[in-house]
Amino acid sequence: MPGVAIIGGQWGDEGKGKATDLLGDRIDYVVKFNGGNNAGHTVVIGNEKYALHLLPSGILTPGVTPVIGNGVVIDLDVLFHEIDHLEERGVDTSKLRVSANAHLITGYHTTLDKVTERFLGKRQIGTTGRGIGPAYADKINRIGIRVQDLFDENILRQKVEAALFGKNHLLVKVYNRRAITVNEIVDALLVHAERLRPMVGDTSLELYDALNAGRNVVFEGGQATMLDVDHGTYPYVTSSSSTAGGASTGAGVGPTQINRIIGIVKAYITRVGAGPFPTELFDEWGELLRTRGGEFGTTTGRPRRTGWYDVPVARYTARINGVTDFVMTKLDVLSGIESIPVCVAYDVDGVRFDEMPVSQSDIHHAKPIYEYFDGWTEDLSGCRTFEELPENAQLYVKALERLSGARISAIGVGPKRDEIIQIHDLID
């Protein structure tokens, strides 16, 4: 059976958790392979809403083994707060596995994240201030703290001391902040060590064995393609690889073990933080999409920027990830709009771009070229087959499928778990 990667196809918040949930009891493992607690998934089961930040959404499905892979950076305070909150609501988290090679977010990472972002002024990236970027920077600079370091206090102290040497100079001499002591960081980490220990292992080997045994493994991406550190709208991106390639490196499995790539897109598009956004709306339509779609961050509560569907972004996602299937969410949000614009290309200083421009400057100056599609007025939440959709909704989906570069295999028609239309099987 296949390994399946679920990838955000826009700028995040597309509904990746719902797509994972759609696969239900056919999944054996769900792996979070990148990011930290700077992005969340919202899953609605019946009348219950679950906001997940570090944990993969598969933790809500009985029988599934959730895995936090080596490509994730972990704030242990957040992790155990999230586990405790789910346990209080009756969710079993006992099967959680954590990679020994995952890096940890410490107090100095969150402090540096906040002060450096403030000092950027109008050049701010839009970071959540949760220490994710600085933790990844330490990983690349080879001074990071890993999960396995918690279980050897001498090594832990040596690594924290080495990391703090330069950071304290920066905090004191540049940002006029107090120095951080080795003891306060070590003590804050070690308080979690024994509780964490049973969860930790060689998750790469465990996943390799599972895939070779024919288990279904889903690799669940955080953030999205347009926020990928290599392929997104740099520098307004996250600090990890959120594309399909990141699933392989962030989970420790070979790329040939991932057979299906599912790109998640909304029927419109949103973005949080700073950076270019060609179809962004600043009028009543933008507010309508924000209000109807509940476009406020799962983790931060920040209102999301909203815009019409962007075909060049979808085509880019299909190409960069090798998307085999798209899942389109929130089609229901568009009900009642008489004429729905879709960006089919960009105008950059009089030159038409049908594909995503490679130049950062061109993306910043891109103006959307729209085609318009007739809307519909019906409530879609009760539809369970494609044929039950209003004719204009069907035509809208078919047009986006033709333009976007991969088939649309499922359509979200409401926030609840069962408010979805499945057209093609996502595991076959």
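What's counted below: heavy atoms across the whole structure, side chains too, no hydrogens, waters or symmetry copies.
Partners of Glu287 according to the salt bridge (charged side-chain N to carboxylate O under 4.0 Å, His left out) rule, which considers only residues two or more places apart in sequence or in another chain, are Arg290. For Asp354, the side-chain hydrogen bond (donor to acceptor under 3.5 Å, both in side chains) test picks out Arg352, with sequence neighbours left out. In this view, Phe277 and Trp11 satisfy the ring pair (Phe, Tyr, Trp, His ring centres under 6.0 Å) rule, not counting sequence neighbours. Checked against salt bridge (charged side-chain N to carboxylate O under 4.0 Å, His left out), Arg292 has no partners two or more places apart in sequence or in another chain. Under the rule for a side-chain hydrogen bond (donor to acceptor under 3.5 Å, both in side chains), the partners of Glu153 that lie at least two apart in sequence or sit in another chain are Arg157. A search for ring pair (Phe, Tyr, Trp, His ring centres under 6.0 Å) contacts involving Phe165 returns His169, not counting sequence neighbours. In this structure Asp283 satisfies the side chain to side chain contact (heavy atoms under 4.5 Å, CB included) test together with Leu281, Trp285, sequence neighbours excluded. Judged as a side-chain hydrogen bond (donor to acceptor under 3.5 Å, both in side chains), and not counting sequence neighbours, the contacts of Lys266 are Thr270, Glu295. In this structure Glu284 satisfies the salt bridge (charged side-chain N to carboxylate O under 4.0 Å, His left out) test with no other residue, sequence neighbours excluded.
At distances below 3.5 Å, at least one donor-acceptor pair connects side-chain atoms of Tyr396 with backbone N or O atoms of Ala267. The main-chain N or O of Gly9 is found under 3.5 Å from a side-chain atom of Thr317 such that the two form a donor-acceptor pair. Not one N or O on the side chain of Lys16 forms a donor-acceptor pair closer than 3.5 Å with the backbone of Gly222. Asn101 places no side-chain N or O within 3.5 Å of a backbone atom of Asn70 that could act as its donor or acceptor partner.
A distance of 10.0 Å separates CD1 of Ile68 from OG1 of Thr203, quoted to the nearest 0.5 Å. The NE2 atom of His103 lies 14.5 Å from the CD1 atom of Ile132; values are rounded to the nearest 0.5 Å. With rounding to the nearest 0.5 angstrom, the NZ atom of Lys32 is 12.0 Å from the CD1 atom of Ile59. The structure places CG of Leu400 at 5.0 Å from OH of Tyr309, a figure rounded to the nearest 0.5 Å. Note that CD of Gln148 is 12.0 Å distant from CG of Leu196, once rounded to the nearest 0.5 Å.
Remark: the Arg260 side chain and the Ser409 side chain contain no N/O donor-acceptor pair separated by less than 3.5 Å. There is a side-chain donor-acceptor pair under 3.5 Å between Asp92 and Ser94.
The two residues Leu289 and Gly307 come nearest to each other via the heavy atoms CD1-O, 3.9 Å. Annotation for Leu227 and Gln223: closest pair CD1-CB, 4.0 Å, computed over non-hydrogen atoms.
For the side-chain contact (heavy atoms from CB on, under 4.5 Å) with Ile27, the lone residue among Val64, Val217, Thr61 that qualifies is Val64.
The list of side chain to side chain donor-acceptor pair (under 3.5 Å) pairs with a residue in residues 132-144, not counting sequence neighbours, reads His109-Asp138, Asp138-Lys167. Residue pairs meeting the ring pair (Phe, Tyr, Trp, His ring centres under 6.0 Å) criterion with at least one partner in residues 63-99, sequence neighbours excluded, are Phe80-His192. Pairs engaging residues 62-84 under the salt bridge (charged side-chain N to carboxylate O under 4.0 Å, His left out) rule: Asp84-Arg195 [sequence neighbours left out].
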